[in-house]
Structures are given as structure tokens and as C-alpha cells.
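Some notes on the structure that comes next.
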Amino acid sequence: MSMNGIVYFLVSTVILSSTFVESRTLSPFRQQLTLSPSTAPSSSPLVPALFVIGDSSVDCGTNNFLATFARADHLPYGRDFDTHQPTGRFSNGRIPVDYLALRVGLPFVPSYLGQTGAVDDMIHGVNYASAGAGIILSSGSELGQHISLTQQIQQFTDTLQQFILSMGEDAATNLISNSVFYISIGINDYIHYYLLNVSNVDNLFLPWHFNHFLASSLQQEIKNLYNLNVRKVVITGLAPIGCAPHYLWQYGNEDGECVEQINDMAVEFNFLTRYMVENLAAELPDANIIFCDVFEGSMDILKNHERYGFNVTTEACCGMGKYKGWIMCLSPEMACSNSSSHIWWDQFHPTDAVNAILADNIWNGRHTKMCYPKNLEDMVIKMAK
């Protein structure tokens, strides 16, 4: 492999992550964001389980078990997590689904490859997400092994079969239909496919047609989940990846301005996905699907960073090169001392302080409205009544 290829492997991965931050470093606005560190389930959770499908924005350790360069199994990843140890989360601390699990009264759900396979280990949910994964099967393949969207749904099918064998079909159907499925995927189809022009794709498809293909593919996978009795789904849109330190570095931005042509693709995908969600909700009986626009929530943080208590908006806390966007976070010495002042943790992923804010918005729109037609709280509280 050439030196450029090696650097590319080191430089590449995908979006979003989470952490505890010291209250003395936070603005009063953000001192209210942290939740109890307990990971014990509530005696009366609002939903029976939380199942997670996605990429590195929600990977909690899947890639620790795969032959891939997309791994977060070393410090300083996890340094601000509850255990202060790396778990495979692409963050200094928690990822959004950790905060949301606590909101609904559940423990942090284990990665599919990280649990024993016993039903008791999976009864509160499973996280199938894999860093590098995309809607397209081959997206992220240059990083090594990953579990694509279709493969993750197959893993869920295997889990469902175990539930049916253990508790019977009626009980398994009841559990699945009342559980929340959180889907966060699609950004790697740009980072590791379209923007790399794999198979000459950007000459074959205009961004709009590529976005339409992705949204249509995602729609079909949601229908496949519906046929497995999944009824409660949260779909998150793409984040403003054009603002990530990696692309500020790659495009040589001198003023820290976001790369608009990349962000425009994310906005288009989100528009199509929201429209698709509205159509599915009308088409599928009893389906309860919400779309949460991470782009909107993230841009609110970037534009109003001082109100949120962030003073570093373009440079990652950990990495190398301009904006710390050249090479991903490889060692503790590469990381800043105070991640709570940074929006970005590494070249692609936000700090857990950002993840906490986004999770709050998904839950009840506390800081800015992100979810349509309702927030997650509205979905699960109505279910619990």
C-alpha cells in the first residue's frame, strides 16, 4: 500500500458521539445537560427495549470485533465515559443513544457482537451499529470489515428468532412492536463512496439522484423492519459533515467556513428522507416513525456556540494537522485537555457534550426543534399510557 493509502486509512471513519463534562467548565446553559451516571434500568421503563442500527455515530463496540481500521478501542476514546475506558464508541464519552436509553429507563444496550447471545443480555435491546457502515453494501469497504445496513437488519432477524424460541411468538412480537428502533446511517455513503468517486459514481449520478437512491433504499429497509413487526422508529438525518475538521483541512479552508457543496448533499438527503418518512407513516398501519434532523440541531450549535458554552468550533479536540483534521485520534497525547469547550472530538465526530444536546433535542426538542412530526418523548409517553 502506498503512503497516501496508509494515510487515508488512518484518516478515515464516520460521524457523532458522547461524555461527562465538569460543570465548572460549562456555561450555565449546559450545566443542566448531564444525566445520572447510573446505567441501571428503571423499575418501570417507558419501552421494553431499544434497538440501534447505524454507523460510527452510534457504534458502541461492534468494530472492536472486526478487522478494520475504523476502531475506537484505544484511549483517549472513552476517557470521559462512565468507566473512563475506551468501549468502541467514537467519542470521548457517551453517544446519543446512551443518553436516550437513560431517558426511557433502560441500561446502555450492548453491541450485538459484544454480548453473549443469551436472551437475558438482549432483552433490553441490542446495538448493531458498525463504524464505516452505509446504506450501500460496499460503502466503507476500504477501511476493512464492517456490518452494512442490510447485514445489521439480518442480525436483528437472528435476534428476533432467538426471542421467539425463548418466549414464544406472541411475547416476542409484543416486545418488538413496543420497542424503539433508532436508525442513524447514510453519512458513509458520502464520505467513503460518493465523495471518493467509487466506481465513477459522481459521473454516473448527480447528487440529487444519488440522494434519491439512498432514501429509496432506506425506505425499503424500513419496510423490511415493519414486516418483522417493528412499529416505533426514530430516523436521524445526516449531520453537517461539510463542517467537520477533516473537510476543512482537505479543502484548505482558511477561515473555517463549512464546505457548502458537501452540506448541500446532506440537506437534500434529509429533505428526501423526511418526505419518505411522512409517506411511510401514511402507508403502513400502526407505524409510528419520526424523522430527526441532526443537520438542523448541529447547525444551531455551530451558529450559537457561545450560548451553548463552546469556544472552539472548527478544530477537533484530538487529531493532527490543520483543524486536527488530517489524521484521526490515535493516542492520548494528541487530545486537548478540555473537550467540553470543543464541538468536534475528532476529524468527523462531535464531543459527547454535543451528543447530549442532540439527544435532548430528539427527546423533547429542548434546545431546538429537530424531530417531525413529534419528539421521542411524545412517542413513548403516549405508548406508556
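D158 and Q162 form no side-chain donor-acceptor contact under 3.5 Å, judged by distance and modelled atom types alone. Side-chain contact check for S139 and D189: at least one donor-acceptor pair (N or O, by modelled atom type) lies under 3.5 Å. Side-chain polar atoms of T236 and S184 form a donor-acceptor pair below 3.5 angstrom. With 3.5 Å as the limit, one finds a donor-acceptor pair spanning the side chains of S130 and N63. If you check the side chains of E333 and S331, you find a donor sitting under 3.5 Å from an acceptor. Side-chain atoms of N127 and S111 form no donor-acceptor pair, as typed in the model, at a separation below 3.5 Å. In this model, no donor atom of one side chain and acceptor atom of the other lie less than 3.5 Å apart for N224 and N227. Donor-acceptor pairing under 3.5 Å is recorded for the side chains of N174 and N178.
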(request) Test side-chain hydrogen bond (donor to acceptor under 3.5 Å, both in side chains) on E296 and T368 and set out the steps. (result) CA-CA 8 Å; E296 286 187 14; T368 188; 5.8 Å; no

(message) Show, in sequence, the C-alpha distance, side-chain angles and deciding distance for Q261 and V259, and conclude whether the side-chain contact (heavy atoms from CB on, under 4.5 Å) test is met.
(response) CA-CA 6 Å; Q261 59 264 46; V259 181; 3.4 Å; yes

(request) Any chance you could lay out the salt bridge (charged side-chain N to carboxylate O under 4.0 Å, His left out) test for E283 and K223, step after step, and finish with the verdict? (result) CA-CA 10 Å; E283 176 185 346; K223 287 183 177 180; 3.2 Å; yes

(message) Let's go through T116 and D121 carefully: what are the C-alpha distance in whole Å and the side-chain angles of both, what is the deciding distance for side-chain hydrogen bond (donor to acceptor under 3.5 Å, both in side chains) to 0.1 Å, and is it a yes or a no?
(response) CA-CA 7 Å; T116 64; D121 285 348; 2.3 Å; yes

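When atom types are taken as modelled, the side chain of S166 and the backbone of F163 share no donor-acceptor pair closer than 3.5 angstrom. With H212 contributing its side chain and P207 its backbone, the two residues share no donor-acceptor pair below 3.5 Å. No donor-acceptor pair under 3.5 Å is formed between the side chain of S199 and the backbone N or O of V201. For the pair E306 (side chain) and N311 (backbone), a donor-acceptor distance under 3.5 Å is absent. Listed for the N92 side chain is no donor-acceptor partner under 3.5 Å among the backbone atoms of S339. The backbone N or O of A131 lies less than 3.5 Å from a partner atom in the side chain of D59, making a donor-acceptor pair. No donor-acceptor distance shorter than 3.5 angstrom exists from the side chain of H246 to the backbone of F348, with no hydrogens or angles considered.
Within the model, atoms CD1 of I289 and CZ of R231 stand 9.5 Å from one another, a figure rounded to the nearest 0.5 Å. To the nearest 0.5 Å, atoms OG1 (T351) and NE2 (H342) are separated by 9.0 Å. Rounded to the nearest 0.5 Å, atoms NZ (K374) and CD1 (I381) are 12.5 Å apart.
Classification of the F51-Y128 ring pair by plane angle, with boundaries at 30° and 60°, yields parallel. A parallel orientation is assigned to the rings of Y275 and F271, their planes being inclined by less than 30° (bins at 30° and 60°).
Within the 4.5 Å cutoff, the side chain of D98 has heavy atoms near those of the F81 side chain. At least one side-chain heavy atom of D202 sits under 4.5 Å from a side-chain heavy atom of Y194. Annotation: side chain of V126 is not in contact with side chain of L50 (no heavy-atom distance under 4.5 Å).
Stacking of R89 on the aromatic ring of Y77 is not recorded, the 6.0 Å distance cut-off and the 45° axial limit not both being met.
Under the 6.0 Å cut-off for aromatic ring centres, Y190 and F210 qualify, their centroids lying closer than that. Proximity of the aromatic rings of F156 and F181 is defined here by a centroid distance below 6.0 angstrom, and this criterion is met.
The 12-atom threshold is exceeded at CE of M167, counting heavy atoms of other residues, nucleotides or ligands nearer than 6.0 Å. Within 6.0 Å of atom CZ in F213, 12 or fewer heavy atoms from other residues, nucleotides or ligands are found, so the atom counts as exposed in its surroundings. Residue-environment remark: CG (N203) exceeds the threshold of 12 foreign heavy atoms within 6.0 Å.
Both L204 and L196 are assigned to one and the same hydrophobic cluster, defined by single-linkage of ILVMFWY side chains at heavy-atom distances under 4.5 Å. Note: the hydrophobic cluster containing M276 also contains F291 (ILVMFWY, side chain heavy atoms under 4.5 Å, direct or indirect links). Under the 4.5 Å side-chain heavy-atom criterion for Ile, Leu, Val, Met, Phe, Trp and Tyr, V312 and Y323 are members of distinct hydrophobic clusters. Taken together through direct or relayed side-chain contacts under 4.5 Å among Ile, Leu, Val, Met, Phe, Trp and Tyr, M328 and L248 form parts of separate hydrophobic clusters. Linking ILVMFWY side-chain heavy atoms closer than 4.5 Å, directly or via other members, places L228 and Y112 in a single hydrophobic cluster.
Using a cut-off of 4.0 Å between Lys/Arg side-chain N and Asp/Glu carboxylate O, K369 and D293 are scored as not salt-bridged. A salt bridge is absent between E377 and R366; no separation between the charged side-chain nitrogens and carboxylate oxygens falls under 4.0 Å. Contact check on R307 versus D300 returns a salt bridge, with a Lys/Arg side-chain nitrogen under 4.0 Å from an Asp/Glu carboxylate oxygen.
None of I301, I343, I362 except one satisfies the side chain to side chain contact (heavy atoms under 4.5 Å, CB included) rule with I357; the exception is I301.
Taken together, C336 and C318 fail the criterion of an SG-SG distance shorter than 2.5 Å.
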